[in-house]
Amino acid sequence: MSPYPPRNARNGRPARPRPPLDEESLRALALHYAGRYATTRARLAAYLHRKIGERGWGEEAPADVDALVDRFADLRYVDDAAYAQMKGEALVRRGYGARRIGETLRAAGVGEEDRQRPESAARANRWDAAHILARRKRIGPFATAPADRPTREKQIAAFLRAGHDYDTARRWVDALPGEMPDRDPSDDFED
């Protein structure tokens, strides 16, 4: 931490301390955050608690962050199910598997009920997601040459980190350049 007071970025003068938050300013912060970012109830609550910790609370009654977050959810400014669907679809388009999508949504604070639909959609589209990942990373049929053992291990690890199962990863990595791997009939159905 610097021994010097924080400086205003525009004029170089010392920054004025921000006043403590009250109900109105907390609501304004929440509205700005929800309007700017696709978010979840848990992330909005964490943001508001962090801001209260940074600036303090200026009213006698304690801040009721949960009531404010519930109000935003009732108004549908924050919708965990819609966030989970949007985020899950975006991750599938990038080639991620169901396990990684579930972990990402869990880390964002999305409840199990809201995670089920995107996770099952990802399981249903797992072969297409693996195809996208292989193309994006130039693995298997999209490579210019067959992979040597260390490269093959790194490629399998990339598939596993992306949330795919080992069998799918192995089939894509073992495919020769220019030859698409055979699609297993079980890839057409959800687990």
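All heavy atoms count here, side chains included; hydrogens, waters and symmetry mates do not. In this text the structure is predicted, and so the values were computed from the model without any measurement.
Surrounding CZ of Arg76 are at most 12 heavy atoms belonging to other residues, nucleotides or ligands under 6.0 Å away. The 12-atom threshold is not exceeded at CD of Glu113, counting heavy atoms of other residues, nucleotides or ligands nearer than 6.0 Å.
In plain terms, the two heavy atoms of Thr168 and Ala130 that are nearest each other are CG2-CB, 3.7 Å. Summarising the geometry of Val78 relative to Ala34, their closest heavy-atom pair is CG2-CB, 4.3 Å, with the distance given to 0.1 Å. Contact between Asp64 and Glu23 at its shortest, heavy atoms only, is N-OE2, 4.3 Å. Residues Ala129 and Tyr96 come closest through the heavy atom pair CB-O, 3.6 Å. Closest heavy-atom contact between Leu68 and Ala30: CD2-CB, 3.9 Å. Closest non-hydrogen pair, Pro177 versus Ala143, comes out as CB-O, 3.2 Å.
The CZ atom of Arg117 lies 8.0 Å from the CD atom of Glu89; values are rounded to the nearest 0.5 Å. Atoms CG and CZ, on Leu21 and Arg55 in that order, are 4.5 Å from each other to the nearest 0.5 Å. Atom CG of Asp79 is separated from atom OG1 of Thr40 by 11.0 Å, given to the nearest 0.5 angstrom. Rounding to the nearest 0.5 Å gives a distance of 11.5 Å between CG of Leu31 and CG of Leu26.
Looking at Arg170, its side chain never comes within 3.5 Å of a backbone N or O of Ile156 through a donor-acceptor pair. One N or O on the side chain of Ser120 and one on the backbone of Gln116 form a donor-acceptor pair closer than 3.5 Å. Remark: side-chain polar atoms of Arg115 are not paired, donor with acceptor, to backbone N or O of Ala84 under 3.5 angstrom. Looking only at distances, a side-chain donor or acceptor of Asp148 sits under 3.5 Å from a matching main-chain atom of Thr151. Distance alone, capped at 3.5 Å, is enough to place a donor-acceptor pair between the Arg171 side chain and the Asp182 backbone.
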Run the salt bridge (charged side-chain N to carboxylate O under 4.0 Å, His left out) check on Asp128 and Arg183 step by step: do they pass?
CA-CA 10 Å; Asp128 296 330; Arg183 187 178 188 135; 3.8 Å; yes
Given the rule in the side chain to side chain donor-acceptor pair (under 3.5 Å) test, do Tyr77 and Arg71 qualify, once you have shown the distances and angles that lead to the verdict?
CA-CA 9 Å; Tyr77 294 165; Arg71 176 75 176 137; over 6 Å; no
Pair Arg106, Glu103 - check salt bridge (charged side-chain N to carboxylate O under 4.0 Å, His left out), show working.
CA-CA 5 Å; Arg106 194 173 5 272; Glu103 290 171 0; 5.6 Å; no
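A search for side-chain hydrogen bond (donor to acceptor under 3.5 Å, both in side chains) contacts involving Asp70 returns Arg41, not counting sequence neighbours. With sequence neighbours excluded, no residue forms a salt bridge (Lys or Arg N to Asp or Glu O under 4.0 Å) with Asp66. Scanning for side-chain hydrogen bond (donor to acceptor under 3.5 Å, both in side chains) contacts around Asp174 gives Arg152, with sequence neighbours left out.
Residues Tyr33 and Leu48 fail the side-chain proximity criterion, which asks for heavy atoms closer than 4.5 Å. Using a 4.5 Å heavy-atom cutoff, the side chains of Gln85 and Pro118 are in contact. The closest side-chain heavy-atom distance from Leu91 to Arg100 is not below 4.5 Å. The closest side-chain heavy-atom distance from Pro141 to Met180 is below 4.5 Å.
Electrostatic pairing of Arg123 and Asp165 does not count as a salt bridge here, judged by no charged N lying under 4.0 Å from a carboxylate O.
Residues Tyr83 and Phe72 do not share a hydrophobic cluster, clusters being chains of Ile/Leu/Val/Met/Phe/Trp/Tyr side chains in contact below 4.5 Å.
When only modelled atom types and interatomic distance are considered, Arg43 and Tyr37 share no side-chain donor-acceptor pair under 3.5 Å.
Note: His131 and Phe142 meet the aromatic proximity criterion, with ring centroids under 6.0 Å apart.
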